[in-house]
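Have a look at the structure below before the remarks.
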Amino acid sequence: MHKGMSLLLSALRQALLLASAGLVAVVTVWTARLLLRHVWFTRRLSCFSRPRADSWLIGHLGQSTEEGLLQVDDLVHAYKHSCSWFLGPFYHLVRLFRPDFVKPLLMAPASITVKDELIYGHLRPWLGQSLLLSNGEAWARRRRLLTPAFHFDILRNYTATFNTSADTMHEKWRRLVAEGCATIEMFDHVTLMTLDSLLKCAFSYSSKCQESRSEYVCAIEELSDLLIERRQNILHHWDWVYWKTRQGKRFKEALKIVHSFTREVVQRRRALIKTSESTDTPRRKRDFVDIILLSKDGDGRGLTDTEMEAEANTFMFAGHDTTASAICWTLYNLARHAHFQDQCRREVLELMRGREGRGIEWEDLSNLPFTTMCIREALRLHSPVQAVTRTYTQDMSLPGNRTVPKGAICLVSIYGTHHNPEVWTNPHEFDPHRFEAINQEGRSSHAYIPFSSGPRNCIGQKFALAELRVVVALTLYRFRLTPGVNPKSGSEKVRRLPQLVLRAEGGLWLQLEPLT
């Protein structure tokens, strides 16, 4: 028996030694391949200037802070149009910030354009193979099926929702001011307002989230915060590490809540549509879920429930935070420039004359030209999304005989392009007159890209611009805005905070004066 046990232990030791040797061999091969790939990309990208790296191995570590944006300003000043960048031996990028370099990449056919995993991969557990994350023919089919949901005739119906959600927020503000709290943090209030609005437009669901928090809304906010944390920790980029961490477990719990809500809405709505088709049930106004449930491709096939849920989750994710950021920064810029704010208000007062409490309608949006110019300038100066990234299935040619090799990540810097002094005069100043027709003559089509551009541009940009104009106009109609003091810092100074969207460190505080 002892002899048998000894043989067994000896065999186990041998197996462990062999396994260890095998593991070491696998790790060695993987490391060698990684370093060879790093050398290959470094050589292929040598046609682009490269800033000094923090180390030859770690590479360039950007900052998600005010200093990170100032760093981009320095890059634009030093390199004018582009530079190469790497993050460890894993990710190799070309950063681009001039229209003639940006245009060939954003206008490339969708068939050769791929969403990279560095920026978009962490969204996949939440958003699945949605329009935002899919590629190739799967993307093209989704785009065709979703386009009807953003037709003008559909968006027209949403303006009433934008009005009612803004009304709720403004009533809260009036109560707070009456209670002696005239300085308000914008992001908290506006983000809840856009969530409220989107839930009504997407699902015909009245969450009342502006008055009391719902489990679904809290889960969406937690997922957004956890995504930011994950992006900033390089070790958490690997799933096999992340899902074992406390943050990974919290992410899965929040994900269950969001997916369960969306699944229930989609299945209930599909059953309702079948019932109404077989009976004489009166037709109600269709929302986002209705429209994409009814969409069919050339073969008569629609989206499956899983595909539907992915698109509904994407609409909620991509629609609420970006629009909230755009509204907040527009109000901030107008608070800092009283003369532009007054000019917008005069335009809105003229529009609302004799309305007797009626809200802003779809036809009114074209009658707010100066307010729209201010919104566009705010989107230039404080773009909600700072950059978009792409990879390509073939080498891409750029000006100056430069080539981006297949597989490298192209980071199109929206911030860099919008703040490039070769493109914009005094780029850090707020000047809505840049968007007067006469001042746009001769400007590159890709000097201004807040919603990206080309075949993979933002499908919801008309929705966002409509909500922006309604909410900004109603806010100026009811309140005078001035810069507020951050109660924590005791200062009016605002430090930008580039996360999933552009926010402000410690919040964005404005002082409100109700108007009669």
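Keep in mind that this is a model prediction, so the values were computed, not measured.
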Check for a donor-acceptor pair, side chain of [X] on one end and backbone N or O of [Y] on the other, with a separation under 3.5 Å.
{"X": "Thr65", "Y": "Gly68", "answer": "yes"}
{"X": "Asp196", "Y": "Leu192", "answer": "no"}
{"X": "Ser295", "Y": "Ile291", "answer": "yes"}
{"X": "Arg434", "Y": "Thr425", "answer": "yes"}
{"X": "Thr262", "Y": "His259", "answer": "no"}
{"X": "Asn420", "Y": "Phe97", "answer": "yes"}
{"X": "Gln440", "Y": "Phe435", "answer": "yes"}
{"X": "Ser197", "Y": "Met193", "answer": "no"}
{"X": "His418", "Y": "Ile449", "answer": "yes"}
{"X": "Arg402", "Y": "Pro399", "answer": "yes"}

Less than 6.0 angstrom from the centroid, inside 45 degrees of the normal: does [X] satisfy that with respect to the ring of [Y]?
{"X": "Arg380", "Y": "Trp329", "answer": "no"}
{"X": "Arg95", "Y": "Phe101", "answer": "no"}
{"X": "Arg376", "Y": "Tyr448", "answer": "no"}

Run the ring-centre check on Phe86 versus Phe41 and record whether the distance is less than 6.0 Å.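 Phe86 vs Phe41: aromatic centres not under 6.0 Å.
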
Ring centres under 6.0 angstrom apart (Phe203, Phe261):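 Close enough - the centres of the two rings lie under 6.0 Å apart.
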
Heavy-atom pair with the smallest gap, counting every atom of [X] and [Y]:
{"X": "Ser413", "Y": "Val72", "answer": "OG-CG1, 4.0 Å"}
{"X": "Thr417", "Y": "Ala447", "answer": "CG2-O, 3.7 Å"}
{"X": "Leu146", "Y": "Phe288", "answer": "CD2-CZ, 4.4 Å"}
{"X": "Val94", "Y": "Phe48", "answer": "CG1-CE2, 3.7 Å"}
{"X": "Ile154", "Y": "Pro148", "answer": "CG1-O, 3.6 Å"}
{"X": "Ser130", "Y": "Glu311", "answer": "CA-OE2, 3.3 Å"}

Mark yes when over 12 heavy atoms from residues, nucleotides or ligands other than [X] sit less than 6.0 Å from its [atom1]; otherwise mark no.
{"X": "Lys256", "atom1": "NZ", "result": "no"}
{"X": "His77", "atom1": "NE2", "result": "no"}
{"X": "Lys200", "atom1": "NZ", "result": "yes"}

Side chains of Tyr415 and Asp73: donor-acceptor distance under 3.5 Å anywhere?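 Their side chains do contain a donor-acceptor pair, which is all the 3.5 Å distance test asks for.
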
Testing the 3.5 Å rule here: is there a donor-acceptor pair between the side chains of Arg456 and Asn135?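 Yes, a side-chain donor-acceptor pair sits under 3.5 Å.
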
Side-chain heavy atoms of [X] within contact of [Y], under 4.5 Å:
{"X": "Asp321", "Y": "Thr191", "value": "yes"}
{"X": "Trp139", "Y": "Leu131", "value": "yes"}
{"X": "Ser445", "Y": "Met107", "value": "no"}
{"X": "Pro104", "Y": "Met396", "value": "no"}

Taking only residues at least two apart or on different chains, which pairs with a member in residues 79-93 satisfy side chain to side chain donor-acceptor pair (under 3.5 Å)?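 Checked against side chain to side chain donor-acceptor pair (under 3.5 Å) - neighbours excluded - the pairs reaching residues 79-93 are His38-His92.
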
Closer than 4.0 angstrom, basic N to acidic O: yes or no for Asp290 and Arg269?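 Salt bridge present between Asp290 and Arg269.
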
Short N-O contact, Lys493 and Glu66, less than 4.0 angstrom: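 The answer is no: the pair does not qualify as a salt bridge.
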
Run the ring-ring contact (aromatic ring centres under 6.0 Å, His included) test on Phe162 and Phe463 for me, step by step, so that the C-alpha distance in whole Å, both residues' side-chain angles and the decisive distance to 0.1 Å come before the verdict. CA-CA 10 Å; Phe162 301 153; Phe463 177 97; 5.3 Å; yes

